[in-house]
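Inspection log for the structure reproduced underneath, given as structure tokens.
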Amino acid sequence: MRAEQSGAERESRYGALTTATEFDSVSDEALRRDDTRQVIECLGTLTELQRQSVELAYYGGLTYREVSERLSATLPTIKSRIRDGLLRLKNCLGVNSDDE
């Protein structure tokens, strides 16, 4: 009796580990769109200077120095704008320090 129960439990565990979970592309796409919408809304809460700096650095792929040159601002100013902008985004999106 124990051998049968043990074998059944073993097969159950193996089945659970080897069964691929279905990929729910509709659900994943809906979540991605909602995340994108939230980020866009939160970008709208930044000052124009913060938003420009964050977008150039994170969406434009520019370095802080390149952002500084593009916006004709000093490097420390750009670093402050980006840091402050990211903090505001973090608060707007409800990201906790524990999530990092």
Side-chain angles (χ1 to χ4, degrees):
M1 182 77 153
R2 287 186 198 156
E4 287 180 25
Q5 184 178 3
S6 177
E9 288 175 1
R10 220 178 6 259
E11 286 179 25
S12 177
R13 281 193 307 266
Y14 176 77
L17 292 174
T18 60
T19 303
T21 53
E22 282 190 37
F23 177 71
D24 186 354
S25 61
V26 174
S27 176
D28 288 347
E29 179 65 18
L31 289 172
R32 187 190 63 75
R33 286 183 182 178
D34 187 52
D35 289 346
T36 300
R37 180 193 53 76
Q38 282 183 297
V39 170
I40 290 170
E41 286 177 9
C42 288
L43 280 169
T45 68
L46 303 181
T47 68
E48 183 64 20
L49 296 171
Q50 288 172 336
R51 186 191 55 74
Q52 283 179 324
S53 300
V54 168
E55 285 181 348
L56 287 171
Y58 288 90
Y59 293 107
L62 300 180
T63 65
Y64 286 11
R65 184 169 305 287
E66 291 168 333
V67 173
S68 169
E69 292 167 1
R70 176 82 54 95
L71 297 179
S72 301
T74 65
L75 186 58
T77 298
I78 293 302
K79 288 180 178 182
S80 293
R81 285 181 190 167
I82 292 174
R83 183 194 66 239
D84 294 344
L86 292 177
L87 285 172
R88 287 179 76 170
L89 284 175
K90 178 180 167 182
N91 290 334
C92 181
L93 292 169
V95 176
N96 295 328
S97 297
D98 299 338
D99 293 345
E100 294 177 352

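We count residues from 1, following the sequence as given.
Residue pairs meeting the disulfide (SG to SG under 2.5 Å) criterion with at least one partner in residues 54-91, sequence neighbours excluded, are absent. Evaluation of the salt bridge (Lys or Arg N to Asp or Glu O under 4.0 Å) test over residues 55-75, restricted to residues two or more places apart or in two chains, returns Arg51-Glu55. Judged as a salt bridge (Lys or Arg N to Asp or Glu O under 4.0 Å), not a single pair has a partner in residues 73-85 (not counting sequence neighbours).
The distance from atom CG of Asn91 to atom CG of Leu86, rounded to the nearest 0.5 Å, is 11.0 Å. Atom-to-atom distance recorded for Cys92:SG and Glu41:CD is 7.5 Å, nearest 0.5 angstrom. Within the model, atoms CG of Leu71 and CD1 of Ile78 stand 5.0 Å from one another, a figure rounded to the nearest 0.5 Å. Considering CD1 of Ile82 and CG of Leu87, their distance stands at 12.0 Å, rounded to 0.5 Å. The structure places CD1 of Ile40 at 11.0 Å from CG of Asp35, a figure rounded to the nearest 0.5 Å. With values rounded to the nearest 0.5 angstrom, Arg88 atom CZ is found 6.0 Å from Thr47 atom OG1.
Residues Val39 and Leu43 have side chains in contact (heavy-atom distance under 4.5 Å, counting atoms from C-beta outward).
No side-chain donor-acceptor contact under 3.5 Å links Thr77 and Ser80.
Val54 and Leu49 are members of different hydrophobic clusters when ILVMFWY side chains are connected at heavy-atom separations under 4.5 Å.
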